[in-house]
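Working notes for the structure below.
When a ligand or atom number is given, it counts from 1 through the structure's own listing order. Not measured: the values here are computed from a predicted model.
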Amino acid sequence: MCRHLAHVGPRPVTLASRVTEPPHSLLVQAYAPADMRGGGTVNADGFGVGWLDGDTEDAVGHSYRQPVPMWTDASFLDLATAVRSTAFVAAVRSATVGMPVSVGACAPFRDGTRIFSHNGVVRGWPGSLADLAAELDTQTLMTLEAPTDSAVLWALVRRHLDAGKDPADAVLDVVTRALAAAPGSRLNLLLLTADQRGEPTLVATAIDHALSYRAGADGVTVASEPLDDDPGWTSVPDLAAVVVRGRDATPEVTSLT
Ligand code: GLN
């Protein structure tokens, strides 16, 4: 199963400080993950980063994705040392059997300043999600970035955000209903959004997959696997969500049961 991470902090840090430089960075988790829990071996089917630029109402989102192993993209490894942000998401992908390897299938998905990743699988795809997908309008379904479970989950979350729903409520509603429709699914979702003042909200769920977080003076980092052996990493219990509101906020862990 894919690996992902997100960071929110008071000061900009390089993408590399979380994605490529730590001893067990996302780059290492691409070729030597430690806690895949029975789902795949390496995360070599693509990667992506999405980040917010600017700390005010002028905040904009950017992203970079490629359907190749992260370690083969030397330009990205360089770019990651140059780009600084206070809020970003990164992911490496292990395509679920039957799903395509393409740039559009690589997380994170982005719509303006909304950035989304899914680590896991919807059991019984595609039939199990058909009723939920029927809530989406035809044009949304026609323009999904990829025919994957993750792309449909993203469209369902986006629909709630478009309707003005709180980001945490949007994610929790989608995971609750997807789990009811497709029991046994692995649904580690990450959503990063910015409000009208540019303040970020980060929501991360742990449903049948590994997730840890670390909070400190330099912000909050959430990752599938701890990036180093710092004892400050806390493992998120199963069926729980971590929510971080604002750059200076502390993470709140909520049980989904
Ligand atoms: N099912 C998703 C995909 O194929 C996520 C894969 C994963 O987490 N390994 O893109």
Is ligand 1 under 4.0 Å from a heavy atom in the side chain of T148, in the backbone, in both, or in neither? neither
Hits for side-chain hydrogen bond (donor to acceptor under 3.5 Å, both in side chains) against R159, two or more places apart or cross-chain, chain-then-number order -> E135
Check side-chain hydrogen bond (donor to acceptor under 3.5 Å, both in side chains) between R158 and all other residues, then give those that pass, not counting sequence neighbours. none
Quick one: sort the Y31 and W71 rings into parallel, tilted or perpendicular, breaks at 30° and 60°. perpendicular
Do the rings of F116 and W154 sit parallel, tilted or perpendicular, given the 30° and 60° boundaries? parallel
So the atoms of ligand 1 within less than 4.0 Å of a heavy atom of N119 turn out to be 8 (O)
Suppose I only count heavy atoms of G120 and a 4.0 Å limit; which atoms of ligand 1 are within that range? 1 (N), 2 (C), 5 (C), 6 (C), 7 (C), 8 (O)
Is C2 in polar range of ligand 1, meaning some N or O pair under 3.5 Å apart? yes
Measure from atom 10 (O) of ligand 1 to every heavy atom in M99, H4, R93, R3 and give the option owning the shortest one. R93
Honestly curious: do L191 and V122 fall in one hydrophobic cluster under the side-chain, below-4.5 Å linking rule? yes
